[in-house]
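Values below: every heavy atom of this structure, side chains too, minus hydrogens, waters and symmetry copies.
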Amino acid sequence: MRIKGSAREMLLMDIITWEPKDSLKVAEFYANYEYPKGIKVIDEWTDLTGYRTFVIYEADDEKTYAASVLPFMGLCKFETFPIMRLDKFMQLAQELTEEAGEKGMGTAQGKEGSEEILEQIEGLEKRVERLEHHSFIQQEDTT
């Protein structure tokens with residue numbers, strides 16, 4: 001899956017699970033499996049407690065992805081997530097925040113929004129304290 005405007009593929013992570021009764025079938029099938037062209041496997045792990053594998057890879061596009069999982073359909077369940085290294089994500093988040101600030105979104109509105117949220121939190125904390133106090137008093141009266 002190509003990132004819009006980029007020739008670099010997107011990193012994906014699959015969490016692949018199967019039923020315990022299918023473990024031998026999955027192991028045999030996987031031993032003879034070759035990833036299709038267009039899938040570049042970064043790394044693979046297995047859950048030592050069983051019945052789960054993790055694969056991090058790049059895929060050229062949706063068609064390549066589908067070709068990679070289709071042979072396992074009915075035998076395994078796939079959960080697929082787009083992923084990014086944390087340091088790269090933090091850098092991207094900073095860049096996007098700065099862009100948003102330049103467009104008039106962000107810092108000023110962010111501060112006002114943060115102050116409003118803090119006021120709401122303080123109000124909720126006071127309500128909880130009153131409710132706890134009221135509940136405590138009711139408990140004393142009934143015993």
Side-chain angles (χ1 to χ4, degrees), residues 1-139 142:
M1 297 174 206
R2 296 203 185 271
I3 298 172
K4 196 173 187 176
S6 171
R8 185 163 176 254
E9 287 82 20
M10 185 173 193
L11 283 176
L12 300 167
M13 180 179 76
D14 282 348
I15 300 175
I16 307 163
T17 55
W18 57 89
E19 295 295 320
K21 66 179 177 54
D22 295 327
S23 290
L24 186 57
K25 192 186 297 185
V26 170
E28 289 173 353
F29 188 80
Y30 189 75
N32 298 312
Y33 179 74
E34 291 185 30
Y35 287 96
K37 185 177 179 168
I39 297 284
K40 178 186 174 192
V41 174
I42 307 300
D43 214 341
E44 299 172 291
W45 297 277
T46 191
D47 178 349
L48 296 177
T49 63
Y51 324 118
R52 189 164 52 175
T53 295
F54 306 88
V55 182
I56 295 180
Y57 60 98
E58 293 179 348
D60 282 351
D61 53 35
E62 292 84 357
K63 184 177 176 182
T64 304
Y65 168 78
S68 75
V69 299
L70 192 60
F72 292 93
M73 293 304 207
L75 182 60
C76 298
K77 177 183 172 195
F78 285 78
E79 294 179 79
T80 303
F81 305 93
I83 60 170
M84 179 183 273
R85 290 188 53 88
L86 184 57
D87 58 339
K88 288 184 180 181
F89 176 76
M90 297 304 288
Q91 181 182 358
L92 177 63
Q94 179 66 34
E95 291 170 9
L96 293 174
T97 301
E98 289 170 3
E99 274 182 32
E102 291 172 11
K103 294 178 183 174
M105 313 273 291
T107 16
Q109 292 176 346
K111 285 181 183 177
E112 289 174 11
S114 296
E115 289 173 7
E116 184 178 327
I117 290 171
L118 286 174
E119 288 174 12
Q120 290 176 1
I121 290 171
E122 287 174 12
L124 288 172
E125 288 173 341
K126 288 178 184 174
R127 289 180 65 195
V128 167
E129 286 175 15
R130 285 193 302 268
L131 289 170
E132 287 174 342
H133 180 71
H134 180 69
S135 174
F136 178 72
I137 291 172
Q138 282 185 340
Q139 287 175 1
T142 58

Between atom [atom1] of [X] and atom [atom2] of [Y], what is the distance when rounded to the nearest 0.5 Å?
X      : Y      : atom1 : atom2 : answer
Arg52  : Lys77  : CZ    : NZ    : 11.0 Å
Glu99  : Leu92  : CD    : CG    : 9.0 Å
Met10  : Met84  : CE    : CE    : 7.5 Å
Glu119 : Glu122 : CD    : CD    : 7.0 Å
Lys37  : Ser68  : NZ    : OG    : 15.5 Å
Phe89  : Ile83  : CZ    : CD1   : 13.0 Å

Looking only at heavy atoms, what is the nearest atom pair of [X] and [Y], with distance?
X     : Y     : result
Ala59 : Ile39 : CB-CD1, 3.8 Å
Thr53 : Trp45 : CG2-O, 3.1 Å
Val26 : Cys76 : CG2-SG, 3.9 Å
Pro71 : Tyr33 : CG-CE1, 4.1 Å

Would a 4.5 Å heavy-atom cut-off, applied to side chains only, mark [X] and [Y] as touching?
X     : Y     : answer
Phe54 : Asp47 : yes
Tyr51 : Asp22 : no
Phe81 : Ile15 : yes
Val69 : Asp14 : yes

Legend entry - Residues Asp87 and Arg85 bridged, charged N to O under 4.0 Å: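 Yes, Asp87 and Arg85 are salt-bridged.
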
Legend entry - Pair Ile16-Phe72, side chain to side chain contact (heavy atoms under 4.5 Å, CB included): steps then yes or no: CA-CA 10 Å; Ile16 307 163; Phe72 292 93; 5.8 Å; no

Inset, instruction - Fit a plane to each ring of Tyr65 and Tyr57, take the angle between them on a 0 to 90° scale, and name the class: parallel (under 30°), tilted (30 to 60°) or perpendicular (over 60°). - result: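 It falls in the parallel class, under 30°.
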
Legend entry - Glu95 atom CD: more than 12 heavy-atom contacts under 6.0 Å: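 Enclosed: over 12 neighbouring heavy atoms sit under 6.0 Å from CD of Glu95.
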
